[in-house]
Amino acid sequence: MKTLTVALNERSYPIYIGKDLLKQADLLTGHIKSKQIVVVTNETVAPLYLQTVLQHLNEYHVETVILHDGEQFKTLDSVNLIFDKLLACKFSRNATLIALGGGVIGDMGGFAAACYQRGISFIQIPTTLLAQVDSSVGGKTGVNHVLGKNMIGAFYQPQAVIIDVDVLDTLDDRQFKAGLAEVIKYGLIRDLPFFEWLEKNIDALLMRDKTAITYAIEHSCRTKAEIVVADEHEGGVRATLNLGHTFGHAIETGMGYGTYLHGEAVAIGTCLAANLSHRKGLLNDEDVGRIIALFKRTGLLVKSPAELSTEQFIDLMSVDKKNVDGEIRVILLEAIGKATLPTNIDNFSLMQTLQTYER
Ligand code: NAD
Ligand code: GLY
């Protein structure tokens with residue numbers, strides 16, 4: 001097992017990464033300081049892993065909340081079901097919430113933990129590749145609104161993140177590939193050697209080689225932890241983690257939550273950001289080609305959805321947390337391994353990219 005640390009002084013926490021970690025009771029119970037525990041999961045993950053977690057908690061008062069599965073259920077209504085359970089069971093402020101699932105469960109569980117009695121402890125047990133390499137680390141929590149993705153939320157750090165690589169055995173290929181989009185992101189924003197490693201090892205990852213997967217998770221979590229420690233509340237460098245996301249969120253919202261998976265939308269969004277970077281004279285042709293080629297080899301779509309008009313796209317992009325005074329700001333690339341901070345984009349360049357990029 002590897003242990004990384006997200007070093008945030010008194011709010012520091014470990015990220016445990018390894019095989020069979022769900023079966024290790026002490027990793028979990030070592031971070032529980034209460035008798036009352038609520039485990040939040042969904043109807044897909046519960047039959048697979050809930051009992052494995054519950055078997056370590058016989059000594060506690062444990063409640064479970066099993067939510068519907070899907071991005072379209074990442075809503076305040078779903079979070080309210082968690083509050084209903086906590087209040088109906090009269091859980092105190094020292095209770096612990098365990099989020100067992102992908103990024104949707106982790107984001108909602110974390111948000112419920114941030115809000116219930118102004119904050120209770122929570123532990124992330126991410127079960128998708130995407131959640132293991134990105135969403136479970138760093139304390140961004142929240143829900144979607146019909147008018148904008150992730151627009152309601154809070155920064156709230158967990159007490160621990162437990163990453164069991166074996167749970168990925170039950171994850172289907174589409175979800176696995178979507179997770180790889182966020183892995184590729186780390187190479188693109190600040191790590192050319194990692195991007196090159198991915199170019200060499202993408203086939204091994206797609207064949208589910210455990211050594212390659214574990215390396216990719218560790219490397220991604222280390223990068224994410226460093227960025228979060230440098231800029232917890234996204235005043236600067238953390239925004240680079242949003243490469244491709246302004247376009248991607250517009251695709252997710254515009255096409256209806258769940259139509260494109262988050263990672264799928266981010267892959268297309270990153271190709272659009274690469275196109276825009278090239279248009280602005282920052283990124284060379286060869287690098288644009290390498291980026292698109294790696295996403296294609298990963299089995300991710302790189303075409304932008306034909307159903308979204310340029311006007312709709314721009315309208316959707318104008319609802320984004322990076323925007324300032326209503327101006328659209330996007331992360332661009334100067335090279336593979338070098339992202340810019342959020343950059344104001346003139347409508348003309350944005351329209352050219354959206355109109356000319358392949359649909
Ligand atoms: P998800 O949570 O919807 O999970 C994907 C699917 O896999 C679901 O159907 C889920 O039930 C299923 N699943 C989960 N674990 C499984 C397993 N081990 N075996 C079989 N099936 C399993 O999606 P996701 O890709 O994990 O997360 C996407 C969400 O994460 C988006 O809402 C996105 O906004 C958010 N996100 C948040 C951050 C952050 O920093 N907080 C970062 C990136 C993404
Ligand atoms: N996934 C973006 C962030 O955590 O900042």
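Just follow the structure's listing: the first ligand is 1, and inside any ligand the first atom is 1.
Here the heavy atom of the protein found nearest to atom 5 (C) of ligand 1 is Q175 OE1, 3.2 Å. For atom 19 (N) of ligand 1, the closest non-hydrogen atom on the protein side is T170 OG1, 2.7 Å. Counting only heavy atoms of the protein, atom 22 (C) of ligand 1 lies nearest to L171 CD1, 3.6 Å. For atom 3 (C) of ligand 2, the nearest protein heavy atom (residue, atom name, distance) is K140 NZ, 3.4 Å. Closest to atom 9 (O) of ligand 1 among all protein heavy atoms lies D69 OD2, 2.7 Å. Protein heavy atom in closest approach to atom 28 (C) of ligand 1: L130 CD2, 3.8 Å. From the protein, the heavy atom lying nearest to atom 38 (C) of ligand 1 is S135 CB, 3.1 Å. In terms of protein heavy-atom proximity, atom 40 (O) of ligand 1 is nearest to K224 NZ, 3.4 Å. Looking only at protein heavy atoms, the nearest one to atom 34 (O) of ligand 1 is K149 NZ, 2.8 Å.
Counting the atoms of ligand 1 from 1 in the order shown, those under 4.0 Å from a heavy atom of N42 are 10 (C), 11 (O). Short contacts between ligand 1 and T44, defined as distances under 4.0 Å to a heavy atom of the residue, involve ligand atoms 11 (O). The T127 neighbourhood of ligand 1 comprises atoms 14 (C), 15 (N), 16 (C), 17 (C), 18 (N), with distances under 4.0 Å to a heavy atom of that residue. Those atoms of ligand 1 that come under 4.0 Å of a heavy atom in L48, given as number and element, are 19 (N), 20 (C). The atoms of ligand 1 that sit less than 4.0 Å from any heavy atom of K74 are 31 (C), 32 (O), 33 (C), 34 (O), 35 (C). Atoms of ligand 1 lying under 4.0 Å from at least one heavy atom of V45, given by number and element, are 11 (O), 13 (N), 14 (C), 15 (N). Listed by number with element, the atoms of ligand 1 under 4.0 angstrom from any heavy atom of E71 are 29 (C), 31 (C), 32 (O). Within the listing of ligand 1, atoms 34 (O) sit less than 4.0 angstrom from a heavy atom of N150.
Atom NE2 of H61 is surrounded by more than 12 heavy atoms from other residues, nucleotides or ligands within 6.0 Å.
Considering every non-hydrogen atom in both R238 and G138, the closest pair reads NH1-O, 3.0 Å. Considering every non-hydrogen atom in both I328 and I314, the closest pair reads CD1-O, 3.8 Å. A pairwise comparison of heavy atoms in R329 and N323 identifies N-OD1, 3.1 Å as the closest pair.
Distances from atom 37 (C) of ligand 1 to the heavy atoms of D107, T128, D164 show the closest one on D107. The residue from K224, E232, E182 that puts a heavy atom closest to atom 4 (O) of ligand 2 is K224. The heavy atom nearest to atom 2 (O) of ligand 1, considering only L100, L129, V104, V133, is found in V104.
Side-chain atoms of R359 come within 3.5 Å of backbone N or O of L354 as a donor-acceptor pair. Listed for the Y186 side chain is a donor-acceptor partner under 3.5 Å among the backbone atoms of V133.
For a threshold of 3.5 Å applied to N or O pairs, the pair formed by K140 and ligand 1 contains at least one separation below that value. Considering backbone and side-chain atoms together, G103 places an N or O closer than 3.5 Å to an N or O of ligand 1. The shortest N or O to N or O distance between H245 and ligand 2 is not below 3.5 Å. In terms of N/O distances under 3.5 Å, ligand 1 is not approached by T141. Residue V167 places at least one N or O, backbone or side chain, under 3.5 Å from an N or O of ligand 1.
Salt-bridge check for R208 with D169: failed, with every basic side-chain N at 4.0 Å or more from each acidic carboxylate O. Between D134 and K185 a salt bridge is recorded (basic side-chain N to carboxylate O distance below 4.0 Å). The pair E232-R11 meets the salt-bridge criterion, with a side-chain N (NZ, NE, NH1 or NH2) lying under 4.0 Å from an Asp/Glu carboxylate O. Between R174 and D172, none of the side-chain N atoms (NZ, or NE/NH1/NH2) sits under 4.0 Å from a carboxylate O, so this pair counts as no salt bridge. A salt bridge does not link R290 with D285: every distance from a Lys NZ or Arg NE/NH1/NH2 to an Asp or Glu carboxylate oxygen is 4.0 Å or more. Under 4.0 Å is where a charged nitrogen must lie from a carboxylate oxygen, and between E334 and K280 no such pair does. Classification of D107 and K140 as a salt-bridged pair fails, no side-chain N sitting under 4.0 Å from a carboxylate O.
Look at D134 and you'll find a heavy atom under 4.0 Å from some atom of ligand 2. The closest approach between a heavy atom of E252 and any atom of ligand 1 is not below 4.0 Å.
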Next on the checklist: side chain to side chain contact (heavy atoms under 4.5 Å, CB included), that's the test. Do H262 and H245 meet it? Break it down for me.
Outcome noted: CA-CA 9 Å; H262 177 71; H245 285 56; 3.6 Å; yes
Checklist entry - Checking side-chain hydrogen bond (donor to acceptor under 3.5 Å, both in side chains) for the pair T96/K33: CA distance, chi angles, key distance, verdict? => result CA-CA 8 Å; T96 302; K33 307 276 180 281; over 6 Å; no
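Between F122 and Y156, the angle of the ring planes stays under 30°, which puts this pair in the parallel group of the 30/60° scheme.
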